[in-house]
Amino acid sequence: EENEHQMYLGVSLSQPLLKNFGVKTTKAAIHAAEAETDVAFQDYRQEIMQTVNQAVIAYWNYFEAQEKLSLRQESIRIADKVLHDNQERHRTGKMAETEVFEAQAGVASRKSLLSEARQEHLAAANNLRSVLAIQADASPLNVVATDTATTEPAVFNRSAIMQTAFELQPDYLATQAQLRQADIKVAYAKNQRWPELDLNASYGLNGLDFSRSDSWKQVRETEYDAWAVGLEFRIPLMGGIDSAGELRKVQLEKRRQLLALKDIEIKLANDIDTSISKVTGAVEQRNYANDVVEIQKKLLNAELARLKSGKSNSRLVLEKEDNYRNALEVALKNKVKLQTALVALELSKGSILVNHGVEIMER
C-alpha cells in the first residue's frame, strides 16, 4: 500500500554499423559547408581581380591621355616657332605674307587638337577619380602617371602559364570546390541507401525501496546492476526509394560539375592563347610604330634644314611635323595597347593579384 521509489543511474551507447556509420558521414554537412565557403571566397577574389583590372586600365588610359596632351603641346610650340620666324621674315621682306597665313592656320589647327586632348585628359582623370573614390570638383586632379611600361617576355612558357591558372584562377578553383562538395554529397547519399543496423549497449544501476534514501542507497551500493547488448535492424518497406532518388540526383550534379570543370579548362586554354597572341601582336605593332616615328623624325629634321636654307616652305614643314606627331601618337597608343594586353593575360591566368601585391589567398 505504501509508495515505492524507483531510481536508475546508467549510460547507453548506440553505434551505427551501416547507415550513418563513420566520422565522414557524421561531418558530411560540415565539409559541404566548408566547400561552399571556398566557392564564396573565390567569388570574392574574382571581384577583387576585376577591381584591380579596372584600376590598371584606368591608369594606362590616363597615362595615354597625359602623354597625348604633352605631344600636342609640343606640336603647338613648334608651330608657334615657325609662325614667329615667318612673321620676322615677312617683316624684313624675305617671305611672302601667304607663308605667315600658312603658319597661322597650322597653329590654329593644332590648338583645336590640343583642346580635344584636354577633353580626353579630363575624361581619363574623372575615370581615375572614380577608381580612387574622389569626387570631381573645380580643382584639377594633380596626378602624374610615372610608371614606365613593363618589359614583355620574349618567349611565353604556355605550360607554366596554364599551371599558374590552375593554381590561381577563381573560376577554376570555385568549380573544384563545387566538385569536392558534390563528392561529399555522393558519398553521403550512398551511405544513406544502406539499411539501419545499430549496435546498442547499456549499463545501469537500479534502486527500488519504500523511501528515496533507501532506493538511492541501493544504487550507490550497486546491488542491482543491469546491462544489455544488442543489434537493432531497420529496413524500409519500399527499399528506400527516396534515398535512391537522392543518390541519382547528386550523381548527376557531380557529372555536371565535372563537365563544368572541363569546360573551364578548355576556356582557360583558349583565353590564355588569345591573350598571348594579343601580346605578341601588340609587341609587333609597337615596334613597327617606333620605326615609323624614327623615319618621320628624320623627315621633319630634313625639312627644317631645307626651310632654314630657303629651299622649303611653312606648309611642308608643318605637314612633316604633323606626320611626326601622328606617328608619336600611334606609337603611344600601341605602347598602351601592349600594357592592356599584358594585363588581360594576367587576368586570364589569375596572377593579377599576385603581380600587384594584393593577393589574399594562401598558396
Side-chain angles (χ1 to χ4, degrees), residues 16 18-58 131 133 156-194 242-276 342-363:
L18 293 178
K19 185 177 181 180
N20 296 323
F21 174 78
V23 177
K24 288 185 178 180
T25 303
T26 306
K27 294 186 175 181
I30 297 176
H31 295 323
E34 290 174 347
E36 187 67 28
T37 302
D38 291 340
V39 173
F41 176 68
Q42 295 304 326
D43 290 341
Y44 175 60
R45 284 186 67 244
Q46 183 68 49
E47 290 294 328
I48 295 179
M49 287 174 60
Q50 292 297 334
T51 300
V52 173
N53 178 63
Q54 292 173 4
V56 175
I57 295 300
V131 173
F156 291 99
N157 188 336
R158 294 175 183 264
S159 60
I161 292 175
M162 285 299 299
Q163 181 61 35
T164 301
F166 291 150
E167 294 175 359
L168 297 176
Q169 246 297 331
D171 287 340
Y172 184 78
L173 296 178
T175 305
Q176 279 190 324
Q178 290 173 336
L179 185 59
R180 290 197 305 271
Q181 187 182 46
D183 284 333
I184 294 169
K185 291 181 178 180
V186 167
Y188 180 77
K190 286 181 177 179
N191 177 270
Q192 294 303 296
R193 289 202 64 193
W194 287 98
D242 55 344
S243 58
E246 182 64 23
L247 176 59
R248 179 59 178 165
K249 173 186 173 183
V250 295
Q251 285 176 335
L252 291 174
E253 176 65 20
K254 179 181 177 180
R255 177 176 173 79
R256 187 180 73 85
Q257 294 299 338
L258 284 170
L259 293 174
L261 187 66
K262 184 61 178 178
D263 182 66
I264 290 177
E265 290 177 356
I266 294 173
K267 185 176 183 298
L268 274 179
N270 292 336
D271 287 347
I272 288 174
D273 184 72
T274 301
S275 298
I276 291 175
L342 289 170
V343 173
L345 178 59
E346 291 178 350
L347 192 63
S348 296
K349 67 180 181 178
S351 63
I352 187 170
L353 299 183
V354 174
N355 294 347
H356 291 84
V358 291
E359 180 58 80
I360 58 176
M361 184 178 67
E362 294 184 1
R363 298 190 62 185

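Values below: all heavy atoms of this structure, side chains included; hydrogens, waters and symmetry mates excluded.
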> Side-chain donor-acceptor pair under 3.5 Å between Gln54 and Gln50, yes or no?
Replying inline: no
> In Å, rounded to the nearest 0.5 Å, how long is the span from CG of Leu252 to CD of Gln257?
Replying inline: 12.0 Å
> Of all heavy-atom pairs between Ile48 and Leu353, which one has the smallest distance, and what is that distance?
Replying inline: CG2-CD2, 3.6 Å
> Partners of Arg248 by salt bridge (Lys or Arg N to Asp or Glu O under 4.0 Å), sequence neighbours excluded?
Replying inline: none
> Looking at Val39, Asp183, Leu261, Leu173, which one forms a side chain to side chain contact (heavy atoms under 4.5 Å, CB included) with Gln178?
Replying inline: Val39
>> Checking Phe166 now: which residues fulfil ring pair (Phe, Tyr, Trp, His ring centres under 6.0 Å) with it, not counting sequence neighbours?
In response: Tyr172
>> Between Met162 and Ile272, is there a side-chain heavy-atom distance shorter than 4.5 Å?
In response: yes
> For Gly22, does its backbone N or O pair with a side-chain atom of Thr26 as donor and acceptor, under 3.5 Å?
Replying inline: yes
>> Between Leu345 and Phe156, does the side chain to side chain contact (heavy atoms under 4.5 Å, CB included) criterion hold? Intermediate values first, please.
In response: CA-CA 11 Å; Leu345 178 59; Phe156 291 99; 3.7 Å; yes
>> Applying side chain to side chain contact (heavy atoms under 4.5 Å, CB included) to Lys19 and Thr25, what does each step give before you reach the verdict?
In response: CA-CA 9 Å; Lys19 185 177 181 180; Thr25 303; over 6 Å; no
>> Can you list everything that forms a salt bridge (Lys or Arg N to Asp or Glu O under 4.0 Å) with Asp38? Sequence neighbours excluded, please.
In response: Arg180
>> If I compare all heavy atoms of Pro16 with all of Phe21, which pair ends up nearest, and what's the gap?
In response: O-CD1, 3.0 Å
>> Could you tell me if Gln163 and Glu167 have a donor-acceptor pair between their side chains, going purely by distance under 3.5 Å?
In response: yes
> So, do Lys190 and Gln251 sit near enough that their side-chain heavy atoms are less than 4.5 Å apart?
Replying inline: yes
>> Test your reading of the model: is there a side-chain donor-acceptor pair from Asn191 to the backbone of Val186, 3.5 Å cut-off?
In response: no
> Per the side chain to side chain contact (heavy atoms under 4.5 Å, CB included) rule, which among Glu36, Gln176, Lys254 passes with Gln181?
Replying inline: Glu36
> Side chains of Ser275 and Ser348: is there a donor and an acceptor less than 3.5 Å apart?
Replying inline: yes
> Are Thr175 and Asp263 close enough that some pair of their side-chain heavy atoms sits under 4.5 Å apart?
Replying inline: no
>> In the structure I gave you, are the side-chain heavy atoms of Glu246 and Lys185 within less than 4.5 Å of one another anywhere?
In response: no
>> Test of understanding: with salt bridge (Lys or Arg N to Asp or Glu O under 4.0 Å), list the residues that count as partners of Lys27, not counting sequence neighbours.
In response: none
> Can we say Arg45 and Glu359 salt-bridge, meaning some charged N sits less than 4.0 Å from an Asp/Glu carboxylate O?
Replying inline: yes
> Taking only residues two or more places apart in sequence or in another chain, which ones pass side-chain contact (heavy atoms from CB on, under 4.5 Å) with Asp242?
Replying inline: none
>> Do Leu168 and Lys349 make a side-chain contact, defined as non-hydrogen atoms from C-beta onward lying under 4.5 Å apart?
In response: no
>> Glu47: which residues meet the salt bridge (Lys or Arg N to Asp or Glu O under 4.0 Å) condition with it, sequence neighbours left out?
In response: none
